S.K.: 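Below is the structure I would like to discuss, written out as structure tokens.
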Amino acid sequence: MKGIIETTADDIREMKVRGAGRIARAGADALVKYAEEYRGNDLNNFLKDISAAESTILGSRPTAVSLWNGVRITLRDVRSASSFEAARESVIRNGKEFSESSFRAVDEIARMGAKRICDGDVLLTHCNSSTAVGVIAEAVRQGKDVKVYATESRPWRQGLLTVRDLSEAGVDVTLIIDSAVRSVMKKVDRVFVGADTVTSSGDLINKVGTSQVALCAHEARTEFNVCAETYKFSPRTLAGETVAIEERDPGEVVSPSDIPSDVKVFNPVFDVTPARYIDNIITEIGIMSPGSVYGVLSSRMGASTDI
Ligand code: RUB
């Protein structure tokens, strides 16, 4: 039987758990459970085992830095611990703290983001971001009358989750296919999307198609907002590292039997929206321009490793 680490990595890889915030919490929670149930009391063995667990979790999906940050925050004190018990306790404490602060960040973003929404607004969202959905649901909870277009988001159709979430929150929501974005954009006042990673130059990596949504918004002079907890900011990009864009199985797009055998299928999962198409990044520490991400990352990296 697989243990908690392998099961969690499989669930993330197979998208049973998906969305950048959820996978980050799943990674942290798995490490907590692993530490809680660890049999043994030797520090060196524990460090070796927890490093293997870290690699397994991080190997599940490559693009969302939230997972990397969640794991890193969970394990930040483990390698300097002076005893097995201190090491184990640090994983449990830091992992739990990370998950709790992640939920708090999503709530804070909902509160702040909702302020940007005006009564009567028409909104658009892409894919399924729990953070972006939280913002829209909070605005509606406050009594604002809004209409939302939600994209289907091929091939996984996460848009169906979004319309269900929004409908349950009492939102007037219309599902559109991804290629209908430009057709509706002139009617849209504001776009809200989530983030898998935000680079130090303020570029956004999110569900494939986000950059097309941003271009359409730019053309129509529609406000483009990114809802991103700061653990989606990538310290690794400060050092110039580029973000790996996950490619998934062609069978997710089309059944091989439906196309000639010489046809290739390209299935990238995320894309890059350049900072110049982004008006606001709504985080738990405030609403900022993409140009401010560098400062947040570099000051936090100097003072602590909390991002
Ligand atoms: C989901 C996606 C979401 C972000 C943010 O992609 O791109 O917009 O992950 O989500 P996938 P959240 O379905 O491939 O994981 O705001 O919930 O963290």
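Quick caveat, the model's predicted, so the values are computed rather than measured. Ligands are counted one by one from 1 in listed order, and the atoms in each one are counted from 1 as well.
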S.K.: Kindly write out the residues that satisfy side-chain hydrogen bond (donor to acceptor under 3.5 Å, both in side chains) with D10, not counting sequence neighbours, or none if the list is empty.
M.R.: K2, R13
S.K.: Would you give me the side-chain donor-acceptor pairs under 3.5 Å for residues 106-118, sequence neighbours excluded?
M.R.:
from: E108; atom 1: OE1; to: R111; atom 2: NE; distance (Å): 3.4
from: E108; atom 1: OE2; to: R111; atom 2: NE; distance (Å): 3.4
from: E108; atom 1: OE2; to: R111; atom 2: NH2; distance (Å): 2.5
from: R116; atom 1: NE; to: E223; atom 2: OE2; distance (Å): 3.2
from: R116; atom 1: NH2; to: E223; atom 2: OE1; distance (Å): 2.9

S.K.: Heavy-atom contacts with ligand 1 below 4.0 Å: which residues, ordered by chain and residue number?
M.R.: M15, R18, G19, A20, G21, R61, C127, N128, S129, S130, T131, Q158, A195, D196, N206, K207, K232, V269, F270
S.K.: For Y38 and F46, I'd like to know if the aromatic rings sit close, meaning centre-to-centre distance below 6.0 Å.
M.R.: yes
S.K.: Counting N and O atoms only, with roles assigned by atom type, does the side chain of N94 sit under 3.5 Å from a partner on the main chain of L75, one being a donor and the other an acceptor?
M.R.: no
S.K.: Checking R79 against S51: is there a side-chain donor and acceptor pair closer than 3.5 Å?
M.R.: yes
S.K.: Which residues pass the side-chain hydrogen bond (donor to acceptor under 3.5 Å, both in side chains) test with S292, not counting sequence neighbours?
M.R.: S289
